[in-house]
Amino acid sequence: VRDGVVIIGAGHAGVQAADSLRERGYAGPVTVVAGESHPPYSRPPVSKQLLDHTVDPAPTPLRAPGFYRERGIELVRTRAERIDRDARLLHLADGRVVRYDHVVLATGARARTLPVPGADLPNVLTLRTVDDALALRPHLVAGARVVVVGGGFVGLEVASAARRQGAEVTLLERGDRLLRRAVSAATADRIVEHHRGTGVRLGFGEEVAGLVERGGRVVAVRTATGDVLPADVVVVGIGGTPEDRLARTARLPTRDGVVVDQWLTTGDPRISAIGDCAVVREPLTGTVTRLESVQNASDQARYVADLLSGATSRPYRALPWFWSDQGDLRLQMVLRTPGHDREVAVGRSVLLFDGGLLTGVESLNDPTTHMAARRLLEHAAPTDTELASADYDVRVLAKRLRRPVQVA
Ligand SMILES: Cc1cc2nc3c(=O)[nH]c(=O)nc-3n(C[C@H](O)[C@H](O)[C@H](O)COP(=O)(O)OP(=O)(O)OC[C@H]3O[C@@H](n4cnc5c(N)ncnc54)[C@H](O)[C@@H]3O)c2cc1C
């Protein structure tokens with residue numbers, strides 16, 4: 001292809017797409033437009049290692065320094081501003097214009113901010129980028145009063161990191177439990193227990209009503225129930241807003257993210273979207289799914305590279321899995337389909353069933369069960385009865401998978 005593939009965004013999705021295109025033998029030009037000032041880096045350490053004072057505050061690069069040059073991948077350090085679909089031109093913030101055969105939108109998401117006055121004060125911080133982590137890090141010191149808003153994965157990881165540095169941590173969660181849409185009640189309870197055990201104060205049913213300012217800084221958080229919590233720093237972890245502005249201005253369908261079909265293609269056959277910015281529309285039901293995980297970004301990137309290099313023409317399909325490190329607690333989960341009607345706790349894992357079939361497994365510090373569950377669910381969804389016969393040990397069923405087929 002003469003004008004090549006232009007990938008917008010150099011996060012997990014964008015960099016993997018470029019890497020996989022070359023791996024599949026794609027010989028045309030590959031350009032990655034990287035909107036951040038740091039060389040492309042891994043995002044999970046932003047809320048983990050980068051907040052730990054015993055670890056060097058350096059980003060974790062996604063690829064070795066020579067990688068892009070060696071593979072003939074052009075990394076352009078600027079932002080993409082506008083897609084001219086009629087002329088097939090991409091306008092960059094530095095004034096350059098790039099012609100394309102195909103665009104891959106891999107623009108990720110940005111952190112949501114608190115919808116109250118004072119949310120822009122210097123000690124009210126969100127966490128998405130390396131620069132965000134470098135701004136937060138000095139605040140997480142012994143005795144500092146840290147208020148974390150939001151009991152999602154990022155909020156919980158920050159709470160752990162802050163406690164480890166000796167800060168006093170209060171976490172406010174609007175709902176009546178943690179991670180309602182992400183994990184089962186049984187797993188959420190264990191996570192609560194872990195954080196309480198490390199000294200994090202957890203407040204449920206607590207919303208931020210206002211921020212108390214003095215001398216240009218926030219000094220306290222006022223909650224909707226009337227509490228006033230003194231704060232040296234407020235960390236807002238209330239989720240991400242998909243970065244779909246380029247798609248919107250190019251008049252492509254968006255719906256809290258760039259809408260794509262099962263081939264991860266937008267309303268324009270020359271434009272795909274992958275990773276955190278993409279919402280996949282299910283053709284029969286019309287339901288849309290947007291996932292925020294390294295697995296999703298990487299698998300969608302590999303798929304689009306396959307599609308563009310002619311290695312596949314099938315719709316996208318992948319088994320979603322995820323991890324989160326909260327101090328010395330590692331949550332790993334795999335989820336074939338969302339929703340379940342039965343939870344079975346086995347040791348440090350919880351098995352999720354829907355209609356008598358295993359749909360997911362959540363594990364806390366139980367990596368062998370997690371890996372077995374992934375192998376198992378990659379192949380099929382075993383029944384409740386099959387698992388009962390193995391005492392609900394997914395490792396037993398996963399081992400059987402590797403046995404040769406018995407010939408009668
Ligand atoms: C703090 C934090 C911790 C996380 N921890 C985990 C974890 O432990 N496990 C896990 O599975 N997932 C984790 N995630 C989620 C995971 O990191 C994301 O799902 C993943 O990074 C998504 O990759 P992406 O490439 O789609 O988007 P991103 O990583 O967001 O990358 C998108 C890039 O595109 C750039 N960009 C946007 N617009 C433009 C433009 N117009 N021009 C040029 N560049 C542009 C952005 O600046 C950004 O660099 C975490 C996320 C965060 C924020």
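Note: hydrogens, waters and symmetry copies are ignored here, and every other heavy atom, side chains too, is used. In listed order, ligands and their atoms are each counted from 1.
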Show me the short polar-atom pairs for ligand 1: any N or O of it lying under 3.5 Å from a protein N or O, with distances only.
from: ligand 1; atom 1: 5 (N); to: K48; atom 2: NZ; distance (Å): 3.0
from: ligand 1; atom 1: 8 (O); to: K48; atom 2: NZ; distance (Å): 2.7
from: ligand 1; atom 1: 8 (O); to: W323; atom 2: O; distance (Å): 3.2
from: ligand 1; atom 1: 8 (O); to: W323; atom 2: NE1; distance (Å): 3.4
from: ligand 1; atom 1: 9 (N); to: W323; atom 2: O; distance (Å): 3.0
from: ligand 1; atom 1: 11 (O); to: V294; atom 2: N; distance (Å): 3.2
from: ligand 1; atom 1: 19 (O); to: D276; atom 2: OD1; distance (Å): 2.7
from: ligand 1; atom 1: 19 (O); to: D276; atom 2: OD2; distance (Å): 3.3
from: ligand 1; atom 1: 19 (O); to: S293; atom 2: N; distance (Å): 2.9
from: ligand 1; atom 1: 19 (O); to: S293; atom 2: O; distance (Å): 3.4
from: ligand 1; atom 1: 25 (O); to: H12; atom 2: N; distance (Å): 3.2
from: ligand 1; atom 1: 25 (O); to: A13; atom 2: N; distance (Å): 2.9
from: ligand 1; atom 1: 26 (O); to: D276; atom 2: N; distance (Å): 2.9
from: ligand 1; atom 1: 29 (O); to: R43; atom 2: NE; distance (Å): 2.7
from: ligand 1; atom 1: 29 (O); to: R43; atom 2: NH2; distance (Å): 3.4
from: ligand 1; atom 1: 30 (O); to: R43; atom 2: NE; distance (Å): 3.4
from: ligand 1; atom 1: 30 (O); to: R128; atom 2: NH2; distance (Å): 2.7
from: ligand 1; atom 1: 38 (N); to: R79; atom 2: NH2; distance (Å): 3.1
from: ligand 1; atom 1: 41 (N); to: A80; atom 2: O; distance (Å): 3.0
from: ligand 1; atom 1: 42 (N); to: A80; atom 2: N; distance (Å): 2.9
from: ligand 1; atom 1: 44 (N); to: G35; atom 2: N; distance (Å): 3.1
from: ligand 1; atom 1: 49 (O); to: E36; atom 2: OE2; distance (Å): 2.6
from: ligand 1; atom 1: 49 (O); to: R43; atom 2: NH2; distance (Å): 3.4

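- Salt-bridge annotation for D19 and R63: present, with a side-chain N of the basic residue lying under 4.0 Å from a carboxylate O of the acidic one.
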Please list, one pair per line, the donor and acceptor atoms closer than 3.5 Å that link side chains of residues 197-213 to other protein atoms, with sequence neighbours excluded.
from: T198; atom 1: OG1; to: H195; atom 2: O; distance (Å): 2.9
from: R201; atom 1: NE; to: T170; atom 2: OG1; distance (Å): 3.3
from: R201; atom 1: NH2; to: T170; atom 2: OG1; distance (Å): 3.3
from: E206; atom 1: OE1; to: T223; atom 2: OG1; distance (Å): 3.2
from: E206; atom 1: OE1; to: T225; atom 2: OG1; distance (Å): 2.7

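- Between the side chain of D52 and the main chain of T54, a donor-acceptor pair closer than 3.5 Å is present.
- The distance from the CG atom of L377 to the OG1 atom of T359 is 8.0 Å, given to the nearest 0.5 Å.
- The backbone N or O of D3 sits nowhere less than 3.5 Å from a side-chain atom of Y100 that would complete a donor-acceptor pair.
- Taking a cutoff of 4.0 Å between a charged side-chain nitrogen and a carboxylate oxygen, D268 and R85 qualify as a salt bridge.
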